2 protein chains.
Amino acid sequence: MDERDDTVETVDSVLAALSDPRRRQLLDLLAEQGEATATTLAERLPVSRQAVVKHLATLDAAGLVSVTRVGREVRYAIRTAGVNATAQWMAALADDWDRRLAKIKRVAEAAERDSRSPRHD
Amino acid sequence: MDERDDTVETVDSVLAALSDPRRRQLLDLLAEQGEATATTLAERLPVSRQAVVKHLATLDAAGLVSVTRVGREVRYAIRTAGVNATAQWMAALADDWDRRLAKIKRVAEAAERDSRSPRHD
DNA sequence: AGATTGTGCAACAACTAGGTTGCACATCAT
DNA sequence: ATGATGTGCAACCTAGTTGTTGCACAATCT
């Protein structure tokens, strides 16, 4: 397994990686083709190969792509696990916030009631 | 509904907003307190009020916080809708990728089979 | 009115990110 | 062996981010 606390620790890098439009574009291209090299990908984009390489390195660091060397070429492919994990993390986060806010609201309302009828009248 | 294409268009800004640790920290603080001013928040962080204000502006632009002026103070509060929407978007995206990759895999395997028994023997 | 407190605005410094180009090195085909 | 193709490394530029500080302005309290 060796998952460790990737789930929490990597969310940071996944969010950062996905926040760039060009990187999302790269992931789209990879989803289209299943596998591709930086050189090929660069041909389909208005940027240099080097720019693509850098983006792919970021995606790799975030665990969003897999890298495989075949002879003289390096093939990249999407790994959906990271995105899925982050999506779940976000959903849980929003949920947590919602619960906390609901609690705060209840407390506030209770205080409001108390201040109106101080109970020891 | 008035949602327009917020769902797609805003994902960009939500991801960008969430990709910064300090902003996530701010959201956490807001979830704790329910509502707070930039001045108060800055007291709990190792940065100036102005830095906090800028972050809150970013969060506001992404629709992640609501802003309410009360007298001379400006109160910020979390809005979970944006995060929820983005979480769903991500989940859908990962799903789409998975499907596309599965399809590619099937095609590749079919081709493999064909090449082994070319049918017109 | 006068002091206090909370914001808003603007200029500035430091750092990071996305992108470029040039060249060296490795691998494959002829 | 040679040429073509694909990568890797490094220096560099530009623009945007994050953070700062100083000061003016608005609202509140005594």
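Predicted model, so just to flag it, every value in this text is computed and none were measured.
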Would you mind reading off the distance between [X] atom [atom1] and [N] atom [atom2], rounded to a whole angstrom?
X: Arg23(B); N: dG19(D); atom1: CZ; atom2: C1'; result: 13 Å
X: Glu73(B); N: dA27(D); atom1: CD; atom2: P; result: 13 Å
X: Glu43(A); N: dG6(D); atom1: CD; atom2: C1'; result: 11 Å
X: Asp60(B); N: dG8(C); atom1: CG; atom2: P; result: 11 Å
X: Asp20(A); N: dT16(C); atom1: CG; atom2: P; result: 17 Å

Compare side-chain N and O positions of [X] against OP1 and OP2 of [N] and report whether any pair is under 4.0 Å apart.
X: Arg69(A); N: dG8(D); value: yes
X: Ser48(A); N: dT21(C); value: no
X: Thr39(A); N: dT7(D); value: yes
X: His55(A); N: dA17(C); value: no

Need to verify one output field. Residue with the more 5' nearest nucleotide on DNA chain C, Val74(B) or Gly71(A)?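 Mapping each residue to its closest nucleotide by heavy atoms, the 5'-most match is Val74(B).
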Once you round to the nearest 0.5 Å, how far does NE2 of His55(B) lie from CG of Leu41(B)?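 Answer rounded to 0.5 Å: 11.5 Å.
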What distance do Arg22(B) atom CZ and Leu45(B) atom CG have between them, rounded to the nearest 0.5 Å?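 Arg22(B) atom CZ to Leu45(B) atom CG measures 6.0 Å (nearest 0.5 Å).
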Which residues pass the side chain to side chain contact (heavy atoms under 4.5 Å, CB included) test with Gln88(A), sequence neighbours left out?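 Here no residue qualifies.
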Most 5' of Lys54(B) and Arg49(B) on DNA chain D, judged by nearest nucleotide: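 Taking each residue's closest nucleotide, the earlier one in sequence belongs to Lys54(B).
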Kindly write out the residues that satisfy side chain to side chain donor-acceptor pair (under 3.5 Å) with Thr80(A), not counting sequence neighbours, or none if the list is empty.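 Listed in chain order: Asp98(B).
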Looking at dG8(D), dG19(D), dA10(C), which one has an atom nearest to any side-chain atom of Gln50(B)?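 The listed nucleotide nearest to Gln50(B)'s side chain is dA10(C).
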Can you tell which of dT20(D), dG18(C), dT7(D) lies closest to the side chain of Ala51(B)?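 It is dT20(D).
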By the 4.0 Å heavy-atom rule, please label Arg75(A) as base, sugar-phosphate, or nothing.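 No contact.
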Side-chain donor or acceptor of Arg72(A) under 3.5 Å from a matching atom on the base of dT5(D)?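 Result: at least one qualifying N/O pair found.
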According to a 4.5 Å side-chain heavy-atom criterion applied to Ile, Leu, Val, Met, Phe, Trp and Tyr, with indirect links allowed, do Val53(A) and Leu29(A) form part of one hydrophobic cluster?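 As far as the 4.5 Å side-chain criterion goes, Leu29(A) and Val53(A) are not connected within one cluster.
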